[in-house]
Amino acid sequence: MSEAYNPEVIEKKWQKIWDDEKAFHAPNDYTKPKMYNLVEFPYPSGQGLHVGHPRPYTAMDIVSRKRRMQGYNVLFPMGWDAFGLPTENYAIKNHIHPKIVTKNNVARFKAQLHRLGYSFDWDREVNTTDPNYYHWTQWIFLKLFKAGLAYKTEMPINWCTSCKVGLANEEVVGGVCERCGSPVIRKMQSQWMLKITAYADKLIDDLDLVDYIERVKIQQKNWIGRSHGAEVDFALKGKEEKLRIYTTRPDTLFGVTYMVLSPEHPYIEQFKDEIKNWDEVVAYREAAARKSDFERTELAKDKTGVCIDGISAINPVNGEEIPVWISDYVLMSYGTGAIMAVPGHDDRDWEFAKKFNLPIIEVIAGGNVDEAAFTDVQTGTLVNSGFLTGMSVEEAKKAITEFLHKNGLGEPKTNFKLRDWVFSRQRYWGEPIPIVKCEKCGYVPIPEDQLPLELPDVKSYMPTDTGESPLAHMTEWVNTTCPCCGGPAKRETDTMPQWAGSSWYFLRYIDPENDTCIADPEAMKYWLPVDWYNGGMEHTTLHLLYSRFWHKFLYDQGVVPTPEPYQKRTSHGMILGSNGEKMSKSRGNVVNPDDVVNDFGADTLRTYEMFIGAFELAAAWSEDGVKGCRKFLDRVWKLQDIVKDGNAYTPALETRIHQTIKKVSNDYEEMKYNTGIAAMMTLVNDFYKVGSITKADYKVLLVLLNPVAPHITEELWERMGFAGRLYNTAWPEYDEEKTVEAMIEVVVQINGKVRAKITVPKDVDKDTAIAAGKEAVADKLTGTIVKEIYVPGRLVNIVQK
RNA sequence: GCAGAUAUGGCGGAACUGGCAGACGCGCUGGAUUUAGGUUCCAGUGGUUAACACCGUGUGGGUUCGAGUCCCACUAUCUGCACCA
């Protein structure tokens with residue numbers, strides 16, 4: 001009898017051996033086929049590793065280990081996305097420098113990840129808060145600035161009226177400040193912006209070049225929200241100025257019954273003197289300022305608005321005078337901040353019109369506009385629409401756009417929902433923006449040879465009460481000279497958002513120590529693009545899009561060799577608490593991975609997280625499920641006792657072994673880890689049923705299981721006296737011929753209901769199978785046979801009347 | 001509100017392109033081993049039924065010899081919504 005399986009001892013032993021042997025170092029050997037596997041690097045939070053982290057990490061570790069065994073030069077790196085709000089808030093509260101908080105958190109995360117036996121190449125570790133790293137984050141910003149893609153503008157921010165600080169959306173709960181409960185308003189603040197909209201078309205179109213799971217592509221496309229429509233000028237009665245609106249439905253122009261301006265629309269201020277109900281308008285505007293865009297559109301069911309008394313517009317196609325309203329369902333950030341309202345054919349306009357008793361005109365026949373807006377663009381026909389009457393929506397769009405263009409009333413316009421990226425944070429713990437402001441020269445970039453611009457030490461990390469960054473207190477740092485004219489200048493005190501460092505980190509892994517460029521171009525040519533990037537669905541529209549944007553920019557600048565950073569993108573589901581809810585301290589359902597490793601071992605945790613359910617779906621934690629996986633590993637361990645010498649598979653197991661190699665090899669590549677593990681469980685069950693196995697049988701199991709449970713399998717490999725290390729053993733092959741039994745079972749149905757089962761040779765022909773099937777159910781064939789179906793290897797179906 | 005997804009036993013889940021629903025694991029029941037508990041091993045386990053058989057994949061329709069899978073209309077839940085990461 002072998003001694004008991006003791007993960008605590010063997011896991012430490014093998015982790016040390018792998019470190020000492022640099023087992024998973026990815027050499028820059030450009031002659032080998034490469035595979036670059038990437039997982040999202042964590043934010044090293046104070047809470048330590050969460051059981052959610054190991055799910056994607058183990059998954060990609062499995063792929064990486066398997067591909068190494070198949071001869072690939074695999075790059076599987078890890079690092080730290082360490083700038084961020086929680087660290088800064090912790091530092092403020094506890095008076096510890098964020099640098100120290102970060103250092104401690106990173107050390108803890110690293111130790112926790114190390115215990116899980118991941119095959120990361122730790123020689124390539126990066127940290128976004130390291131000046132040698134953010135040197136290049138700043139360098140990219142300067143490139144963007146010089147290319148005209150970084151600019152400053154006034155943007156609304158959340159402003160706590162009591163703390164007098166800018167707040168992140170997350171810090172605003174129910175319209176009040178999370179810390180003090182005071183009301184939060186929207187205040188205008190000068191902000192650095194990145195022109196991601198300049199890449200909107202490419203970001204959509206180039207999705208055709210990559211292999212992302214479909215829902216990621218769809219979500220990115222919808223987020224960018226490209227729509228084709230027209231901008232139309234409406235005359236304002238008695239004024240020179242025109243009111244320009246954007247619409248995706250210019251075909252409904254004859255159905256406009258009112259106009260709506262966003263509460264922030266500049267015309268409101270401009271025409272102040274003519275607005276008779278000014279007080280009411282201002283009151284409404286102030287109320288709207290207290291709501292976020294999200295709240296404004298969320299409350300869409302209960303529309304609010306005010307009719308501007310004193311201003312009206314003229315419909316350019318029929319000369320009709322129509323009222324102008326303001327309402328918060330129109331956003332200044334989309335289109336022109338003004339819309340033409342067609343209640344007959346737009347749901348939001350319809351609800352608004354119903355509420356305020358505005359007329360509804362039907363211009364597309366096909367529905368009943370008294371009941372609901374008719375929004376179908378496929379079937380309707382234009383009515384009540386002058387020269388458009390009788391056309392389809394498609395035809396009318398074309399005709400009206402041409403008409404508007406010819407008469408100087410408007411033009412076709414492509415719009416995007418995507419907005420430019422607000423790149424400023426009035427915070428300390430971020431990369432300083434390497435710009436100075438000179439009275440004479442304006443915004444001037446710091447010369448590249450002066451990078452990195454290091455974050456200075458400050459005494460207090462609290463933002464100033466003017467809404468500036470804590471860096472604004474550092475007068476000796478802020479006051480500098482202009483690199484352009486040598487005159488007095490002030491440094492930018494805003495820092496970059498956390499997204500900056502994570503937008504290009506995969507490039508730095510390629511050549512993390514390089515201090516003359518982002519990464520060696522030869523090395524980038526070899527390793528890029530990232531072959532497989534797995535991450536959370538929640539990063540689809542921000543991080544993933546931001547990093548694609550930066551990469552595309554760097555490609556246009558000739559810095560990187562590929563137009564897209566990631567060839568393939570997959571996504572994992574969340575791990576929920578045992579009650580099926582998201583894990584959180586307040587719900588008390590948090591599971592600490594350290595406890596699981598202590599109680600059951602890292603291999604058990606890894607196996608369980610892969611077995612828990614379909615990789616892309618959310619799954620609830622179950623302590624009993626963990627135990628089941630430990631039991632499986634115990635059974636694998638104890639197979640030692642029934643192994644006998646032999647270089648061939650046990651004949652009774654041969655088919656099952658070939659089937660399992662095939663199944664597991666495919667499942668790992670398709671991220672169907674749960675069924676792959678189930679297949680190995682079945683194999684182990686079969687091993688015990690047979691009662692004794694050969695070394696060859698056992699060897700296959702150990703290799704297949706190694707990517708999931710690397711420590712126990714490596715230990716057993718050594719104990720069985722197999723040559724070399726398991727981690728660099730070749731992946732097993734299977735023989736397709738041998739995956740199918742000679743005799744197969746086929747179901748016999750009558751009218752689709754199973755009535756019998758027959759056993760036939762695997763390559764039986766249709767007629768023989770049907771004849772055998774009929775014989776098996778002869779006593780039940782009482783009617784007239786109208787159809788006979790044979791699905792090879794599966795079933796015979798006799799249809800009778 | 002907009003966008004994306006999901007729904008199968010007591011539980012987690014499986015089911016390739018429409019072909020035996022419930023693989024594998026947990027839990028539970030019974031038995032063996034054990035002084036006992038635990039561990040381990042063996043057998044059983046969707047529901048109704050004495051049985052034959054029938055019913056069963058969120059709800060309601062449809063297509064098909066055959067639907068968890070395809071189509072239409074719903075419902076519920078989860079994720080994201082731009083300063084959390």
Side-chain angles (χ1 to χ4, degrees), chain A residues 4 40 42-43 45 81 83-86 155 157-158 166-172 191 196 214-216 218-223 225 292-301 329 333 347-348 417-427 497-499 502 536-543 545-546 571 573-574 576 578 580-582 608 611-614 616-629 631-632 634-635 638 666 672 674-682 685 688 745-754 757 786-789 791 793-800:
Chain A
E40 286 164 347
Y43 173 68
S45 73
D81 187 16
F83 278 127
L85 192 61
M155 283 293 293
I157 61 160
N158 300 310
L167 297 176
N169 283 350
E170 199 182 62
E171 297 175 292
V172 182
Q191 304 270 43
I196 188 172
E214 207 49 36
R215 62 195 162 121
V216 169
I218 294 168
Q219 217 165 308
Q220 288 210 341
K221 277 183 195 162
N222 289 339
W223 180 261
S292 66
D293 286 358
F294 176 49
E295 287 170 311
R296 285 164 57 158
T297 46
E298 181 183 40
L299 299 172
K301 284 240 156 99
Y329 79 97
S333 53
D347 292 323
R348 292 156 304 179
K417 282 201 190 109
L418 183 70
R419 308 201 291 262
D420 277 341
W421 175 3
V422 184
F423 201 67
S424 285
R425 298 290 182 274
Q426 288 73 46
R427 291 280 176 173
Q498 170 278 338
W499 306 111
S502 62
M537 213 48 212
E538 68 275 17
H539 290 115
T540 302
T541 52
L542 299 179
H543 160 66
L545 207 60
Y546 290 152
S571 216
M574 275 211 298
L576 305 171
S578 51
E581 289 173 13
K582 197 172 166 172
Y608 175 63
F611 188 63
I612 190 168
E616 67 280 5
L617 300 182
W621 189 265
S622 154
E623 175 92 11
D624 284 329
V626 180
K627 280 185 201 155
C629 288
K631 199 165 131 186
F632 166 61
D634 277 325
R635 278 164 68 79
K638 283 187 295 194
N666 291 338
K672 292 160 80 175
N674 54 338
T675 53
I677 291 168
M680 289 186 281
M681 287 172 168
T682 306
N685 291 344
Y688 279 108
E745 192 180 68
V746 166
V747 162
V748 185
Q749 298 181 332
I750 296 175
N751 295 350
K753 298 227 173 206
V754 180
K757 287 177 185 181
V786 291
K787 207 169 181 182
E788 296 166 338
I789 295 152
V791 182
R794 294 204 175 262
L795 60 76
V796 171
N797 187 15
I798 314 290
V799 184
Q800 65 172 8

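Throughout, protein chains are lettered first and strands after them, A, B, ... in sequence-line order, and every chain is numbered starting at 1.
No side-chain donor-acceptor contact under 3.5 Å links A:Q219 to the backbone of A:T541. When atom types are taken as modelled, the side chain of A:Y688 and the backbone of A:R635 share a donor-acceptor pair closer than 3.5 angstrom. A:D420 places a side-chain N or O within 3.5 Å of a backbone atom of A:I196 that can act as its donor or acceptor partner.
Distance from the side chain of A:K638 is smallest to B:U40 among B:G13, B:U40, B:C83. Proximity note for A:M681 (side chain, C-beta onward) versus B:G25, B:U40, B:C81: the nearest is B:G25. Distance from the side chain of A:A678 is smallest to B:A23 among B:C83, B:G4, B:A23. The A:T675 side chain lies nearest to B:A15 when the options are B:A85, B:A15, B:C83. Comparing B:A85, B:C20, B:G80 by their nearest atom to the side chain of A:V754 picks out B:C20. The side chain of A:Q749 approaches B:C20 more closely than any other nucleotide in the set B:G4, B:G12, B:C20. Closest to the A:E538 side chain, of the nucleotides B:G80, B:C83, B:C26, is B:G80. Which of B:U79, B:A85, B:C83 sits closest to the side chain of A:M574 comes down to B:U79.
Side-chain N/O atoms of A:K627 and base N/O atoms of B:C26 include no donor-acceptor pair closer than 3.5 Å. No hydrogens or angles were tested; on distance alone, a donor-acceptor pair under 3.5 Å links the side chain of A:N797 to the base of B:C65.
For A:G84 and A:N685, each mapped to the nucleotide of RNA chain B holding its nearest heavy atom, the one lying further toward the 5' end belongs to A:N685. In this structure, A:F83 and A:E214 both approach RNA chain B, and ranking their closest nucleotides by distance from the 5' end singles out A:E214.
Under 4.0 angstrom from either OP1 or OP2 of B:G12 there lies no side-chain N or O belonging to A:N674. Close to B:G4, at under 4.0 Å from its OP1 or OP2, lies a side-chain N or O of A:N222. Between A:K753 and B:C55 there is a side-chain polar atom (N or O) within less than 4.0 angstrom of OP1 or OP2. Distances shown here put every side-chain N or O of A:K417 at or beyond 4.0 Å from the OP1 or OP2 atom of B:A82. Listed pair A:K672 / B:A15 meets the phosphate criterion, a side-chain N or O lying under 4.0 Å from OP1 or OP2. For the OP1/OP2 pair of B:G80 and a distance below 4.0 Å, the side-chain nitrogens and oxygens of A:R215 include no atom meeting the criterion.
Between B:U17 and B:G68, the distance separating the two C1' atoms is 16 Å to the nearest Å. A gap of 34 Å separates the C1' atoms of B:A14 and B:A85, to the nearest Å. Atom P of B:U57 sits at a distance of 24 Å from the matching atom of B:A5, rounded to the whole Å. B:G18 sits 16 Å from B:C72 when the P atoms are compared, rounded to a whole Å.
We find that A:D634 and A:K631 are not joined by a salt bridge, their nearest charged nitrogen and carboxylate oxygen being 4.0 Å or further apart.
In this pair, A:W421 and A:Y546 present their aromatic rings parallel. The plane angle is below 30°, not in the 30 to 60° band.
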Verify side-chain contact (heavy atoms from CB on, under 4.5 Å) between A:Y608 and A:W621, making sure each step is shown before the conclusion. CA-CA 9 Å; A:Y608 175 63; A:W621 189 265; 3.7 Å; yes
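Base pairing of B:A15: no nucleotide in any strand meets the Watson-Crick or G-U wobble criterion (both distances under 3.5 Å).
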